[in-house]
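The analysis underlying the following values was restricted to heavy atoms, covering all of them including side chains, and did not include hydrogens, waters or symmetry mates. The residues of the chain are indexed from 1 along the displayed sequence.
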Amino acid sequence: MYFSLFFFIVKPAMTIPVIEECSNTYGTTCVKSTADSVEVNCFVRDSRPAVKLSWTVRSHGGEHIIPSNYRNFTTDNVTYTSHVTATFSFGESSVLSLLVCRANSVPLNLVEDENVLLVEKEMDYTSLATPIRRYLKIHKPMNLSCTDLGINLVVWKWSPQQDAFETLYVSIFQKSNHTKISNKEYKLKDEGSLFLQNTLVEQEGLYACVYDNGVSGGIVLYDVLVMVDPTPVFPVIDGCNHQQYCVLEKQHHEVLTCSVLGIRPKVALEWRAVQEETAIDFTQKQFTVTQLGDLYDISLTVNFDFTQTTQNKVTVECRAVGENAGLFSLSTKIDLLFPNVLPTEQKSNTSIITIIVVLVVTMIIIITVAVVIVCRIRAREIKIKRIQGGHAESEGIPMMENDYSEKAGRFIGHLKANYEILYDSVQPIPYIRDRMYCVDKIFVEGGIEYMTGISEGKAQWDQVLSYQELVKENCLKTKRQILEGEPGYGKSTLTLQLLYDWCKSIPISPLKEVDVIIYLRLRQLGGVKSIFSAIRQFILPRDSNISEEDIKEILNQMKSVLVLLDGFDEYPDQESTETDIYHIMKKNMFQGFNVILTTRPSCVPQEIAPHSDRVRLTGFGEEVRRKYIEKAVIGKGGKAVDKIMRKLQKNPVLDDLCQVPLFFVMFAHMTHEKVQLVTFNSVTSFFRFMIASFHSHMRNKMKDDNVEKFQLMENEHKDLDKIAFEALSGKNQKIVWHREQFRNQLGHAFYDRYIRIGILVEEEILNIPDTLYPQSHIQYKKEVRFYHKLFCEWYAAHYVAEQLSGGRIDSIHNFLQNLDPFDLQYVYRFACGLDKIAAGKIIQYLQNEIEGKKFAILCMLEHEDKTDRFIKIVSDLVLSSVTTISKDESKLLQRSTLQILDVASKKQVPISCLLLDKSLSEASDESIRLESGFHIPVLSTIRKIEIRSEKGTELTNDQMLGVVSYAQQCHELTKLIFVDCLLPLSFSMEFLSFFLKSKHPQVMWQPSKHEFSLDISTGTWKLRNSQESLVLTVQNESSLPRLCSKTIYLRRIDSRQVQSSTIVLLEVASSLNIPISDLRLEWSFSGFDGKDIRLESGLCLSRISSVEKISINEGRQEKEFTEEEVIGLIKYGIKSPKFKELWLHNCKLPSSIKPDIIPEEASSRNIKVISSMETCFLDLKSGKWSKPDDIQTITVMCSGDLVIDRNTSEPVQSSVIELLVEASNHDIPIFGVSLIRSFSKIDEDGNIILSSGLSLPIITSMEYLTIQTEEGREMNKHDVNGILNYVKHSQRFKEL
C-alpha cells in the first residue's frame, strides 16, 4: 500500500519576521529606545501555512522565553497573517537587551528563522558617567576600551559638540561574533573597543560605550580632544630667523612679540626673564588668538622696561602656560643686547683716556689671539667628534626638523653602503677570493619551520612557505624571534638576503615598509656594552660625524626598525646581563622594534626562548639542491645538473652531509671545478679534501710568473690546533682574537700564509679605549677569526686526536668535559676520523654518557674501514638494546642510525628491536618511509619492530597493510607491536591473506594498559594476559572513534563476554581521550560502590575519562534510586572533563537531594541531571527537581528519546506533552518520541489521543516517532492516514 501527501505553500513577500517597533535600523538590526517598558510586535503576512512566532530574550547565557500572545488569521482562506506580541521591561542594572522574534516550525524555509530587536534604555549619559579625558595627536590611532566584562551587546555613540549622540556601532556578539557596522571608518575590535586608525580634528567629542552582558550593563564615557603641534614646534620671535641662537639688539624700552602658529588646543603665552633677579618689567601685554579652520595662531606682544644701566645683556624666554601648556613643550630663549650702555662716571682726564685706549687695544690683541686659539681647538674637537661620534651638543640651539631629516638620511645611506659591501661579497668557495657573488645570485630557500606551540612537553613545528614570512607579523608576534640552525645551515646567508631585500626595496618583500635595519655580527661585540656604540664602531664609516646620541635619537624617531643580531653562539658576552644585547632580547630596550637573533640550537638562550617566536632552518633537500646548482653553479642545464647530482649520490655519506648548505655549496662548486672527484666515506674525508683544496689552489697560483713563492705549511699547524681547542673548550667560546697577539702566537709567516689561503679572515673594528680623554686615542684595530666556526672545530679536533692517541691524557672526562658533543659534534667526529686510537677512546667515553650511545653512531661512521672491531661495536649497539629512530632527532642522527642498521643487516648481525617513535609516515613491501623523508630498507636480521605514535593517532587499513607487507619481507621478524595508536577493530580478508600465504610475525597492539594480539584466522583482537579468552566484539564498525560517536550499549541481555568486550573498548577509548558521546546502560545497572559502576552481571565499569553522556534505563519502576546513588553517579561522571549529561530513564528518584552533598564542580560545569520519565531536571543549587524554562535545558532534554508509557500516571504524561509543545513552539529539534502502548487514535483536528484521554498536539520539530501498540491490535486505514498526516507537519521528520 502506498500513500501520497500533497500540500500547498505560499511564500510571503517579506521573508523575515517583521518587527514594528524599529526606531532605527543599523544593517539588519532594529534598535528601539525606551525609558522603562515597551510593547513589541512581530508578524509574518500572507503565508501558507501559518508561521508560529514567539519572543525570547537572548543573552550571554542563552535564551529565555518572554510570555507572548500568538495568533493567526486569514481573510481569504488561502494565506495567513501570523502575529505575536509581548511586553518587555528592563531590570534594575540592565541598559541593553536583545529581543528575538523566532519563526518556529517554518515549512520549506518560507521565511528566515528569526529577526532581532535591540532595546536600549533611554539615559542621560553625562549624568551617569564622568567623562575620561583623552588627548590624541592628529593622524595618530585612537583606541577606546569599553569594559573588561564578558560583553554580549555593545553600542558606541558619539556627540561632536555636546549635541545629541549619534550611533557609530551596534555590535551583537553571538557565536559568529557578528558585528553590525553603521558609520564611518571606525572599527570595532573583538573585545568591544572602538578603534580609529587616523584621528582627525572633526572626530573630537564625547564617545559613549553602552554595554550589557545579559546580567548587568553600564556606560563608559570619553571626552576626546585632538592635539596639533604648531609649525614650527617652538615659539617664533619677531626679528629672529631661528637658524641659530637668536640675539636681538634692543633699547631699554622696546617691544617683543612671540607667536605660536597652527596649534590645537589653544595655549597661553608669557614673557619672562630667565634669571628671576633680572630687573626687567613686561607691560601692556597684547594677547591675540586667530582661528584658521581647526587651528589657532596665538601671539603675545609686550613692552619691556630694562632699568639697569650697567648690564648690557639679558636672557629672556617666551613659553606656553596655562591649562593646556603641559600637552606641549613650547619654549624659546633669546638674548637681548643693549649696545649703548655706558659707565656711570666719565673721566675727562686725557691721560686716563689714553690709558683706556691702550688697554682697549691690548685687549683687542689678546682677544684676537684667544679667538685664533679657540678656533683651532674647536676645529680639532670637531675632527675628533667626526671620528668618534662625540657627545657634545651645542647648548641652547634647537635641533631643526630639516637637520634631523638630513642626518637620518645620511645615517640610512651609511647603513646601506655598509650592507652592500657585505651582501655583494659572498664567497661560495672561500679559497677562491676573486670569485665573489651578490647574495641574491646564489641564495635559495632551504627548509624553514616555525614553532606553533608545545604539546606534552615537545615543540610542534610547521613549515614556513617563504623566508619572507619570517619578517611578517605572524612570525614576529612577540617582536623577538630566535632563528636556529646547525653550523653551516645558512643563518648568516639568510640575514644577508634580508639586507639585500631592504636595500633594494624589493616590491614583494615585507621589508619595504621597514625604515631601518640594524645588522650586527655578535662575535665582534665582545666588551661592547652599548648597541649605539656597536653601530658607531662596526657599521658607520670612519669619517661619519653621526654620534651615538644621534643614532639613539634617529632610531627613536623611526616608525619601523628591524634589528638582526647574527651569531649568538659566537657572542663572547652571551652570559652577561649588563649589555644592551641582553636587555634588547629581554625587551628592556627597543620594545617596539622587531628583533631576530640567530644561533645554533644548542646555544638558544633559555631565559629568553619561552617569550620569543622560534624559527629553525632544516637544511637542503634534493629539490633545493637542484635549484642551487641551476641558479649559482651552471645555470639552466638538465644534463649538467644531473651530472653533479649523480656525483652526490655516489657519495652516500655526502648525501646526508650535503643537507648542510655550507657543505653542499662547497661540494657543488668543487665538483663543477674538478672533472674527477673522489668518493668520500665520512665527513672527515670530505673536510680533509676541502682543506687540501685551499692549499692546492694557492699552490697553483704560485706557479704564475712574477708571483712570490712561500712555504704553505699545510701539515704544520700544531700551535693553531691548540689555540682552536682552548678557544672552544673555554667557559665562553672565544673564536675572535686580536690580530697582533694571534700573529705573534702562530708566527708571522704561518699567520700570513693562512690569511692568504683563506682559512683565517681579518676584520677591522673601531677601538675606543676606556680613558678620561678617549678622543685623542681613537684608532682602528684588526681582529682575526676562522672563515667559519667549522674550521675552528677541524683544527681543535687535531689537538684532541693527538692528545688522546699519544696517551698524554690521564682523565678523558676532565679533558673533554667542556666540549659539549651536541654543540661541537664535528670536533668529536673529525677527531674520530683523524685517528683510530682516539676514535676508540672517544666512542667508549660517549657510550658511558647520557644520550652518548646515539651520538657515538656518528663518530663510528668516521672510520674509513669497517673493521672487525667496528662490526663488534655495531653488534653491541643493535643487539643489546633497542635502536630508536625518533621524529625529534636530527636528520643527521637518523641517517647515521639507518647506516648502522644497514651495516648490521648486510653483515648478518641480529637486530634485537627497532623502535619508530612517532617517525612512521608510510610503508610498503620494499621500505618504511619516515616523516623526515628517509627510507628504511628491508632488514633481514631484525627480530622485533615497535611502532609508537602520538597518543590517539589513527592508522588506516592501508597504513596497516603497508607495515604488514614490509614485515613479511623481514624473515627473522617475530613480533610487530603498535603502541599508543588507534588500529582498526577488525580486518578484511584482503588484509589477512598476506599472513596466510607464509610464515608471519605475531602482531600486537598496546593502545592502553591492555595488550591485544591479532587472531589471524578471524581478523579480530584477543586480549592477552586475561583469565578468560576475551575477543573484542564489534558489529559493522572497525573504527573506534566512529563507534564512540554513536550510542554504546551495556545491556542486561548481553552475554558477560560481550559486556567485557564493551568495557575494554570503553577503557581503550578513555585512555586515548576519544570522546564517548553516549554510554547507555539498558537494565544492566546494579549500583555504585563509591568508585565504580556495578553491573548486574557482576562486572564493574571503572572511571571513563572521556564520556560525555551517561544514560541509565532501569526499566523496572519498582527500583528506587537513593540520594547516595544519584550523587555517586554524578561524581562518577564529573571525573570525565568532557561529561555534560546524566539521564535517568524509568527510574523512581528521591523527591529532592540535599544541596550540601551535591558536588560544587557539577554546578560550576552546569552538568545536566535529567529524569526523562518526569521530564524534569535536577536544580544543582537547590537540590529540587524542576521543569525546564530556558531554551538550553529544553534543547538538552529533547536530544534524547522522550517516552509516554501507558503505565505512567497522567501528571507524568502531561509533563512530557508540555515539554514537547514548548520545544515545538520554539522549533527546538526533538530527537524522538516513543508511545509505548499509549496510542489510542487520531482526532478530527489531527492530534493524537492517548489511552489516558490526554491529547498530544501536532509536534512540528520531531525527527523520529515510535508507536508500540498492545499486542494483537489491528491498525486500520484511518489510523495510518491520520498518523501520516500528523508527522507531515514536521519539516525535520525522518522516520516512523
Side-chain angles (χ1 to χ4, degrees), residues 1-7 49 52 104-105 107 1047 1051 1080 1082-1083 1111 1113-1118 1143-1148 1170-1176 1187-1188 1194 1197-1296:
M1 181 181 292
Y2 297 91
F3 297 94
S4 297
L5 301 177
F6 300 93
F7 52 90
K52 288 188 177 180
N104 307 306
S105 309
T1047 301
R1051 300 182 178 91
R1080 195 176 182 102
E1082 289 284 344
W1083 301 358
S1111 306
N1113 187 359
E1114 180 50 39
R1116 295 166 296 168
Q1117 296 179 26
E1118 67 275 6
W1143 284 71
L1144 302 171
H1145 303 282
N1146 300 316
C1147 306
K1148 286 186 178 180
I1170 296 168
S1171 169
S1172 64
M1173 187 173 72
E1174 304 286 346
T1175 59
C1176 56
K1187 297 294 181 185
I1194 294 173
M1197 295 187 68
C1198 290
S1199 64
D1201 197 20
L1202 294 172
V1203 179
I1204 302 178
D1205 194 313
R1206 183 178 63 184
N1207 295 330
T1208 57
S1209 64
E1210 280 192 26
V1212 170
Q1213 291 185 8
S1214 295
S1215 296
V1216 177
I1217 293 171
E1218 287 175 11
L1219 177 63
L1220 291 171
V1221 171
E1222 190 71 20
S1224 178
N1225 287 340
H1226 292 87
D1227 198 29
I1228 296 171
I1230 300 169
F1231 172 75
V1233 177
S1234 295
L1235 305 181
I1236 307 300
R1237 296 182 300 278
S1238 58
F1239 174 81
S1240 176
K1241 62 181 180 179
I1242 302 288
D1243 68 8
E1244 295 177 353
D1245 296 326
N1247 300 320
I1248 292 177
I1249 303 300
L1250 303 177
S1251 58
S1252 62
L1254 296 175
S1255 173
L1256 177 62
I1258 292 173
I1259 305 300
T1260 59
S1261 58
M1262 175 173 57
E1263 297 179 0
Y1264 297 90
L1265 174 63
T1266 300
I1267 298 178
Q1268 179 184 337
T1269 67
E1270 59 274 14
E1271 188 175 351
R1273 169 166 176 174
E1274 184 176 346
M1275 301 288 282
N1276 58 37
K1277 183 177 180 180
H1278 175 75
D1279 292 335
V1280 174
N1281 281 337
I1283 293 170
L1284 290 173
N1285 283 323
Y1286 180 89
V1287 299
K1288 78 175 186 181
H1289 291 283
S1290 174
Q1291 296 299 309
R1292 301 179 187 273
F1293 196 75
K1294 299 176 181 177
E1295 186 177 318
L1296 172 63

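- Looking only at distances, no side-chain donor or acceptor of Tyr1264 sits under 3.5 Å from a matching main-chain atom of Ile1230.
- One distance of note links CZ of Phe1293 with CE of Met1262; it measures 5.5 Å at 0.5 Å rounding.
- Judged by distance alone, the side chain of Ser1261 and the main-chain N or O of Ile1228 form a donor-acceptor pair under 3.5 Å.
- Closest non-hydrogen pair, Ser1214 versus Leu1254, comes out as OG-CD1, 3.5 Å.
- Using a 4.5 Å heavy-atom threshold, the side chains of Ile1194 and His1226 count as separate.
- Listed for the Thr1175 side chain is a donor-acceptor partner under 3.5 Å among the backbone atoms of Ser1215.
- Residues Leu1219 and Cys1198 meet the side-chain proximity criterion, which asks for heavy atoms closer than 4.5 Å.
- Contact of the Ile1217 side chain with the Pro1257 side chain is registered, since non-hydrogen atoms from C-beta on lie closer than 4.5 Å.
- Using a 4.0 Å cut-off between charged nitrogen and carboxylate oxygen, Asp1227 and Arg1292 count as a salt-bridge pair.
- Under the 3.5 Å distance criterion, the side-chain polar atoms of Thr1208 are matched with a main-chain donor or acceptor of Asp1205.
- The pair Arg1080-Asp1201 fails the salt-bridge criterion, with no side-chain N (NZ, NE, NH1 or NH2) lying under 4.0 Å from an Asp/Glu carboxylate O.
- Among all heavy-atom pairs drawn from Ile1259 and Ser1290, the shortest one is O-CB, 3.7 Å.
- Of the possible donor and acceptor atoms, one in the side chain of Ser1238 sits under 3.5 Å from a partner among the backbone N and O of Ile1204.
- Side chain of Asp1245 to backbone of Asn1247: no donor-acceptor contact under 3.5 angstrom is found.
- Closest non-hydrogen pair, Lys1187 versus Glu1174, comes out as NZ-O, 2.9 Å.
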Assess the residue pair Ile1283 and Leu1296 against the criterion (side-chain contact (heavy atoms from CB on, under 4.5 Å)); give the C-alpha distance rounded to whole Å, side-chain angles, the decisive distance to 0.1 Å, and a yes or no. CA-CA 9 Å; Ile1283 293 170; Leu1296 172 63; 3.8 Å; yes
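- No hydrogens or angles considered: nothing links the side chains of Glu1210 and Ser1252 as a donor-acceptor pair under 3.5 Å.
- The nearest pair of heavy atoms linking Met1197 to Trp1143 is O-CH2, 2.9 Å.
- Looking at Leu1256 and Tyr1286, their side chains come closer than 4.5 Å, going by heavy atoms from C-beta outward.
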